[in-house]
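Beneath this line is the structure, given in structure tokens, with notes to follow.
The basis for the numbers below is simple: all heavy atoms, side chains too, and nothing from hydrogens, waters or symmetry mates. Nothing fancy with the numbering, it's 1 onward along the sequence. Atoms within each ligand, like the ligands themselves, are counted from 1 in listed order.
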Amino acid sequence: MGVGIIGIGKYVPDKVLTNFDLEKLVDTSDEWIRTRTGIEERRIADDQTNTSDMAYEAAKQALEDAGLTGQDLDLILVATVTPDYGFPSVASLIQGKLQATKAAAMDISAACAGFIYGMVTAKQFIETNVYKNILVVGVEKLSKITNWEDRNTAVLFGDAASAAVIGKVSEGKGILSFELGSDGTKAKELFQDGPHIYMNGREVFKFAVRQMGDSSVNVVEKAGLAKEDIDHLIPHQANIRIMEAARERLELPEEKMIKTVHKYGNTSSSSIPLALCDAVESGRIKDNDLLVLVGFGGGLTWGALTLRWGK
Ligand code: ACO
């Protein structure tokens with residue numbers, strides 16, 4: 001028996017904010033943003049749509065894709081750094097909306113690595129036969145903590161939700177290996193204190209390039225596989241230059257990396273599952289494909305896993 005993804009879903013707000021729109025808000029240019037980050041546009045949720053509303057939409061889709069209802073869920077894990085409230089958790093809010101009356105619920109705070117942390121946590125409960133079906137959501141309304149006057153950060157982020165139902169899959173499929181980590185000595189390189197995000201872009205960049213590469217290589221080795229076995233790399237969609245560095249470290253051709261950063265920006269905990277969902281929907285990811293998911297974020301945290309796609 002393996003533990004893997006049995007349903008997947010996503011939600012992105014309709015409103016598109018382009019680099020040209022940002023040129024009117026801060027001293028920047030489409031050219032700077034595209035060449036330094038790879039981002040062309042991002043989605044922004046309206047005032048009426050909070051984090052839990054987006055999470056709920058993605059969750060409904062994932063449950064439908066899995067052929068399940070809220071009643072079938074044993075646990076809901078929501079990875080987010082932009083919850084609706086200090087408490088209760090976003091997980092509790094969507095547990096109520098989904099009428100998932102048998103499910104326990106909690107949020108995970110691991111920033112952009114949050115979805116990987118969530119998947120790995122879900123795996124433990126299923127492998128030990130404690131729970132059967134676990135909903136893992138990665139969701140952010142980063143627009144509400146973005147300082148729209150700070151060009152260093154305002155151009156980077158977007159809003160989105162993605163969800164996966166984690167359950168039992170056939171032997172040899174699902175999560176084959178993982179790595180999680182944190183370096184709290186770098187906590188102040190990327191954090192939120194008060195209303196806005198603060199980021200030391202250069203430090204985070206250096207850390208990310210090294211960590212994404214190291215973690216990807218580690219999980220491939222842990223699974224007893226070789227770089228050539230990888231069909232798709234799905235890195236955290238923070239910056240195309242960081243993503244490219246991870247791809248080069250794995251010696252993969254361009255077409256093996258899934259890229260959505262140009263159209264959604266950095267959606268933190270939602271970014272990896274959002275890219276995965278897009279690639280599954282477009283038919284790019286096929287049964288039995290080997291995926292490497294890898295992310296890093298505030299903490300600083302990181303996480304990676306190898307996943308054999310399919311049920
Ligand atoms: N438009 C125009 N100029 C800008 C902008 C902008 N939007 N932002 C910064 N600049 C300027 C800077 O002020 C600086 O000017 P100076 O040299 O006169 O001081 C110049 O551009 C170069 O700045 P750098 O920081 O060297 O630019 P760099 O090429 O490193 O790119 C970036 C900056 C894109 C932020 C990069 O450092 C990066 O991607 N870092 C990692 C960010 C990241 O991945 N964060 C993850 C967050 S995930 C989470 O947990 C939420």
Side-chain angles (χ1 to χ4, degrees), residues 17-42 51 79-83 107-118 138-162 180-184 186-193 195-213 215 235-246 259-262 264-275 294-303:
L17 186 72
T18 66
N19 292 348
F20 299 103
D21 296 327
L22 279 163
E23 284 179 358
K24 293 173 200 141
L25 294 178
V26 286
D27 180 15
T28 191
S29 66
D30 170 62
E31 206 266 333
W32 192 96
I33 303 171
R34 261 188 304 103
T35 53
R36 299 297 181 102
T37 72
I39 301 167
E40 290 163 24
E41 56 185 48
R42 67 289 287 144
T51 303
T80 187
V81 293
T82 50
D107 284 2
I108 291 177
S109 176
C112 309
F115 188 79
I116 306 273
Y117 269 71
V139 58
E140 302 295 354
K141 189 178 179 184
L142 289 163
S143 59
K144 69 180 176 183
I145 60 166
T146 298
N147 180 354
W148 293 105
E149 290 171 5
D150 174 16
R151 68 176 183 175
N152 292 296
T153 52
V155 302
L156 302 176
F157 303 113
D159 300 335
S162 325
L180 300 177
S182 172
D183 179 358
K186 296 195 172 66
K188 290 293 179 75
E189 306 296 1
L190 176 56
F191 71 109
Q192 183 202 349
D193 182 22
H196 295 139
I197 299 171
Y198 166 82
M199 184 176 73
N200 181 346
R202 271 176 221 186
E203 276 309 307
V204 175
F205 191 95
K206 277 192 280 179
F207 166 84
V209 165
R210 195 185 63 247
Q211 199 54 57
M212 296 262 278
S215 294
H236 171 42
Q237 311 277 314
N239 181 318
I240 191 68
R241 293 183 292 149
I242 299 172
M243 294 161 58
E244 284 295 343
K259 185 185 91 148
T260 56
V261 68
H262 59 293
Y264 301 130
N266 177 353
T267 60
S268 188
S269 65
S270 186
S271 103
I272 295 171
L274 187 59
V294 59
F296 67 93
L300 296 174
T301 55
W302 63 91

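Atoms of ligand 1 found under 4.0 Å from any heavy atom of Val155, numbered from 1 in the order shown, are 7 (N). Residue Thr37 has at least one heavy-atom neighbour below 4.0 Å for each of these atoms of ligand 1: 34 (C). Atoms of ligand 1 found under 4.0 Å from any heavy atom of Leu190, numbered from 1 in the order shown, are 47 (C), 48 (S), 49 (C), 50 (O). Within ligand 1, counting atoms from 1 as listed, the ones closer than 4.0 Å to a heavy atom of Phe157 are 51 (C). Each of the following atoms of ligand 1 lies closer than 4.0 Å to a heavy atom of Ala111: 50 (O). Ligand-side atoms of ligand 1 in range of Cys112: 48 (S), 49 (C), 50 (O), 51 (C), range being under 4.0 angstrom from any heavy atom. For ligand 1 and Gly297, the ligand atoms under 4.0 Å from any heavy atom of the residue are 50 (O).
In this structure, of Met199, Arg151, Arg36, the residue bringing a heavy atom nearest to atom 35 (C) of ligand 1 is Met199. The option with the heavy atom closest to atom 25 (O) of ligand 1, from among Glu140, Arg202, Met212, Glu189, is Arg202. For atom 33 (C) of ligand 1, the candidate residues are Phe205, Phe296, Trp32; the nearest heavy-atom contact is made by Trp32. The closest non-hydrogen atom to atom 32 (C) of ligand 1, taken over Asn239, Thr267, Ile242, Leu142, comes from Asn239.
The two atoms that bring Gly138 and Phe115 nearest to each other are N-CD1, 3.9 Å, heavy atoms only.
Within a 4.0 Å radius of atom 51 (C) of ligand 1, the protein contributes at least one heavy atom. Under the 4.0 Å distance rule, the nearest protein heavy atom to atom 6 (C) of ligand 1 falls inside the cut-off. Per-atom contact check: atom 19 (O) of ligand 1 does not touch the protein, criterion being a heavy-atom distance below 4.0 Å.
Geometrically, ligand 1 and Arg241 share a nitrogen or oxygen pair separated by less than 3.5 Å. Inclusion of Gly298 in the set of residues having an N or O under 3.5 Å from an N or O of ligand 1 is warranted. Close N/O approach between Thr28 and ligand 1 is found [any backbone or side-chain N/O within under 3.5 Å]. For a threshold of 3.5 Å applied to N or O pairs, the pair formed by Ala238 and ligand 1 contains no separation below that value. The shortest N or O to N or O distance between Asn266 and ligand 1 is not below 3.5 Å.
Protein heavy atom at the shortest distance from atom 9 (C) of ligand 1 is Asn152 OD1, 3.1 Å. Here the protein heavy atom with the shortest distance to atom 41 (C) of ligand 1 is Gly201 O, 3.6 Å.
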Pairs of donor and acceptor atoms involving the side chains of residues 202-213, under 3.5 Å and at least two apart or interchain, shall be tabulated with distances.
unit_1	atom_1	unit_2	atom_2	d
Glu203	OE2	Lys206	NZ	2.9
Gln211	NE2	Ser215	OG	3.0

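Inter-residue side-chain proximity for Trp148 and Leu22 is flagged as met; some heavy-atom pair is nearer than 4.5 Å. Contact of the Met243 side chain with the Gln237 side chain is registered, since non-hydrogen atoms from C-beta on lie closer than 4.5 Å. For the pair Tyr117 and Leu180, the minimum side-chain heavy-atom distance is below 4.5 Å. At a threshold of 4.5 Å between non-hydrogen side-chain atoms, the residues Val261 and Asn266 do not count as touching. No side-chain heavy atom of Ile39 sits less than 4.5 Å from a side-chain heavy atom of Val155.
A donor-acceptor pair is defined here as one N or O able to donate and one able to accept, closer than 3.5 Å; no such pair exists between the side chain of Thr301 and the backbone of Phe296. In terms of modelled atom types and a separation under 3.5 Å, the side chain of Glu23 and the main chain of Asp30 share a donor-acceptor contact.
Side-chain contact of Glu140 with Thr82: a donor-acceptor pair under 3.5 Å is present, judged by distance alone. Between Thr18 and Glu41, the side chains place no donor N or O within less than 3.5 Å of an acceptor N or O (distance only, hydrogens not considered). Residues Ser162 and Ser270 have side chains that bring a donor and an acceptor to within less than 3.5 angstrom of each other.
Salt bridge annotation for Asp159-Lys141: absent, with no cationic side-chain nitrogen under 4.0 angstrom from a carboxylate oxygen.
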